[in-house]
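These numbers come from a predicted model, not from an experiment.
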Amino acid sequence: MSLKQFLQRLLLALPTLFGVSLVVFFLMRVVPGDPIAMMTPPGATEADVAQLRALYGLDKPIITQYVIWLGALFQGDLGTSISLRQDVFSLILERMPATLELAFLSTMIAIALCLILSLAGAYFRDRIIPRAVDAIASTAQAVPDFLWGLIFILLLGVAWPLFPISGRINPRLDHDLVSQFYLFESLIKLDFSLALELLRHLLLPAIALALPMTGIVTRLLKVSLEETWKQDYITMARARGFSRWYILRKEALRNALIPTVTLGGVQLTFLLGGTVLIEKLFSYPGIGNMAIGAVIQRDLPLIQGLILTFAVMFIVINLLIDLSYSWLNPRMRHG
Amino acid sequence: MSLLEVQDLRVTLRQHSTSTRLLRDVSLSMEYGKVLGLVGESGAGKSMVAKAILDLLPKKAVIDKGEIKFNQNSLLRLSVAERRKLLGKDIALIPQDPMVSLNPVRTIGTHLSEGLTHHLGITKAEARKQSIALLDEVLIRDPERVIDAFSHELSGGMRQRVLIAMAFSCSPKLIIADEPTTALDVTVQKRVLSLIRMMQRKQNTSLLFITHDLGVVAKICDQVAIMYEGRVLENTTAKQLFHSPGHDYTRALIDAMPRFDQPDKPILPVSRKLKEQLQAETREVDQATYND
Ligand SMILES: Nc1ncnc2c1ncn2[C@@H]1O[C@H](COP(=O)(O)OP(=O)(O)O)[C@@H](O)[C@H]1O
Ligand SMILES: [Mg+2]
């Protein structure tokens with residue numbers, strides 16, 4: 001992809017974001033549940049309620065509310081959270097690194113597992129290993145991420161307590177982390193014991209998130225590798241004396257990845273969406289967990305801010321997928 | 001002394017409960033620096049002979065009998081790794097269809113230099129230099145640009161030149177060219193053929209030239225083997241073939257050739273009667289060898 005195409009894609013993302021903002025705003029106005037009613041104490045008078053409404057701008061006509069909200073949005077102002085009484089933008093900014101670290105680790109685990117499983121499944125020609133790969137992939141795909149999370153909690157957290165099952169870091173632990181990117185920062189500071197402690201918290205939710213994606217992508221990649229193996233250029237490479245493993249890695253893998261990346265991108269957005277339930281399940285302090293709290297509290301500004309955040313992340317993922325697609329496939333690069 | 005010796009090679013495809021014979025006691029002999037034409041209609045088993053030599057037989061095909069000797073060594077007794085050492089280095093292939101024989105996601109340069117680094121153990125930089133020289137040798141214009149191109153940027157003829165450069169890159173003793181011009185435009189065929197011939201002469205390589213075109217045989221081959229239904233019907237010299245063909249089928253093939261010197265001569269396809277007779281013979285051979 002050329003720089004021009006890249007910028008075009010970026011520009012195309014703007015109307016998408018605008019559409020998302022529109023839908024989000026009006027959808028939240030029509031769902032039942034009054035946020036003001038939820039935050040007022042039982043003895044409040046009509047006047048108290050009206051005052052609160054005016055404070056949050058909820059007394060104005062809906063179009064006006066949207067224009068005000070959008071205008072503020074352009075200045076990076078997502079409003080004030082009703083339930084947490086803090087600036088939504090800084091709330092999200094503070095929580096987002098936790099989710100990014102979880103999603104990133106999860107994606108890396110999924111990619112590593114996909115490559116190992118599908119390469120093993122395509123490399124070995126006996127009956128056992130390719131079938132074992134199929135069985136593992138089908139199982140991983142058939143169970144949804146939150147169920148994997150539940151299974152891990154019950155097995156590795158409760159029955160055989162090897163891993164902590166809640167939070168991001170041991171709250172009694174003294175640490176001098178300055179950013180919210182705990183894992184990243186600890187690795188940069190070469191503080192491996194802290195990194196290990198963080199990983200112990202991260203591993204179960206990350207694997208739970210990774211497994212369904214691993215299953216479906218592994219299956220496609222393995223079939224794709226087997227199809228690629230029948231191509232004439234593979235036969236040619238075999239006739240030139242290269243080993244099966246070399247050909248699989250150097251000749252077949254990249255070609256086989258081309259049809260796989262598109263599906264991988266879709267799965268990656270599912271993975272990101274999956275953080276909402278997984279973070280709740282593992283009491284992990286990311287924006288997914290925050291989103292559930294916001295919905296329960298009918299915290300409109302926070303919900304809107306979070307949905308927009310997720311939309312931005314989806315757009316970024318799609319952009320990255322497009323980039324990797326044209327990197328993999330030279331026929332896409334020119335023209 | 002011969003470079004390649006295929007002796008009584010019998011290959012059978014075993015699928016489920018049926019077995020189909022693909023090669024019926026094929027024998028060939030190739031001398032150093034000579035060109036052997038392997039001629040036959042489509043489905044005769046020509047490519048199967050090439051695959052047997054290159055260790056590319058389909059998974060379900062078994063060699064029941066016979067021997068392939070390369071440089072007095074039995075290829076069939078070598079381990080997979082030992083055979084791979086020969087492939088691409090001492091024995092190379094020019095494939096039938098250049099359009100699909102190059103990896104679409106790898107550059108021309110990668111194709112050429114990976115063979116050089118793998119088989120000759122030279123550095124990547126050195127391999128790149130040699131690759132450019134090779135492209136120049138197969139008469140590709142602007143090799144400095146082509147080396148970084150992908151196959152989809154090249155025409156069919158150019159791709160076949162690249163594949164020829166790949167085949168000759170490690171100065172192999174034997175090159176197997178499996179109908180190397182069939183997939184090309186008629187105008188390009190001649191030039192690619194003469195390039196193969198030129199390179200073969202220059203490196204004094206033995207060439208196993210697979211074709212269904214007797215006209216090409218007349219032009220470049222020293223020896224000829226005629227195949228039909230997995231059998232070699234006749235092993236002879238190219239001169240002998242046209243002056244005194246030894247087999248009815250060979251004679252029929254010669255009659256089926258278009259002749260530029262006699263444009264009025266009718267082109268007679270091989271008669272059905274002759275084919276039926278040959279097929280009956282094949283069945284007899286199969287029955288007689290069923291239990292060997
Ligand atoms: N991979 C394969 N599996 C099974 N049968 C095959 C395979 N490849 C070729 N054959 C069969 O083997 C016979 C010889 O094929 P081939 O050597 O490709 O013929 P030619 O190259 O002379 O046209 C044909 O009857 C063909 O159907
Ligand atoms: Mg063939």
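The candidate from B/V100, B/L54, B/I91 with the greatest count of non-hydrogen atom pairs under 4.5 Å with chain A is B/V100.
If you measure heavy-atom distances from A/I234 to chain B, you find no contacts under 4.5 Å at all. There is no contact between A/Q231 and chain B, counting heavy-atom distances below 4.5 Å. For chain A, the nearby parts of B/E114 are the backbone and the side chain; heavy atoms of each come within less than 4.5 Å. Using a 4.5 Å cut-off between heavy atoms, B/L163 contacts chain A through its side chain alone, with no backbone atom that close. In this structure, chain B has a heavy atom under 4.5 Å from the side chain of A/Y246, while its backbone stays farther away. If you measure heavy-atom distances from B/L102 to chain A, the contacts under 4.5 Å come from the backbone alone.
Rounding to the nearest 0.5 Å gives a distance of 7.5 Å between CG of B/D55 and CZ of A/R238. Here NE2 of B/H152 is found 7.5 Å from CG of A/N329. Values are rounded to the nearest 0.5 Å.
Looking at heavy atoms from C-beta onward, A/I258 lies in side-chain contact with B/V105 at the 4.5 angstrom threshold. Between B/R106 and A/R254 the shortest side-chain heavy-atom distance does not fall below 4.5 Å. Looking at heavy atoms from C-beta onward, B/H118 lies in side-chain contact with A/F242 at the 4.5 angstrom threshold.
The two atoms that bring B/M166 and A/R240 nearest to each other are CE-NH1, 3.3 Å, heavy atoms only. In terms of heavy-atom proximity, B/R84 sits nearest to A/R244 at NH2-N, 3.8 Å. The two residues B/P95 and A/M236 come nearest to each other via the heavy atoms CG-SD, 3.7 Å. Closest heavy-atom contact between A/Y233 and B/P104: CE2-CD, 3.4 Å.
Environment of NZ in B/K60: sparse, with no more than 12 heavy atoms of neighbouring residues, nucleotides or ligands closer than 6.0 Å. Counting non-hydrogen atoms of other residues, nucleotides and ligands closer than 6.0 Å to CD1 of A/I128 gives a total of 12 or fewer. Within a 6.0 Å radius of CZ in A/F184, other residues, nucleotides and ligands contribute 12 heavy atoms or fewer. Sparse packing is recorded around CZ of B/R77, with 12 or fewer heavy atoms of other residues, nucleotides or ligands lying under 6.0 Å away.
Under the side chain to side chain contact (heavy atoms under 4.5 Å, CB included) test applied with B/N103, the options A/T228, A/I247, A/N255 reduce to a single match, A/N255.
The side-chain hydrogen bond (donor to acceptor under 3.5 Å, both in side chains) analysis of residues 43-53 of chain B, with sequence neighbours excluded, yields the pairs B/S47-B/D178.
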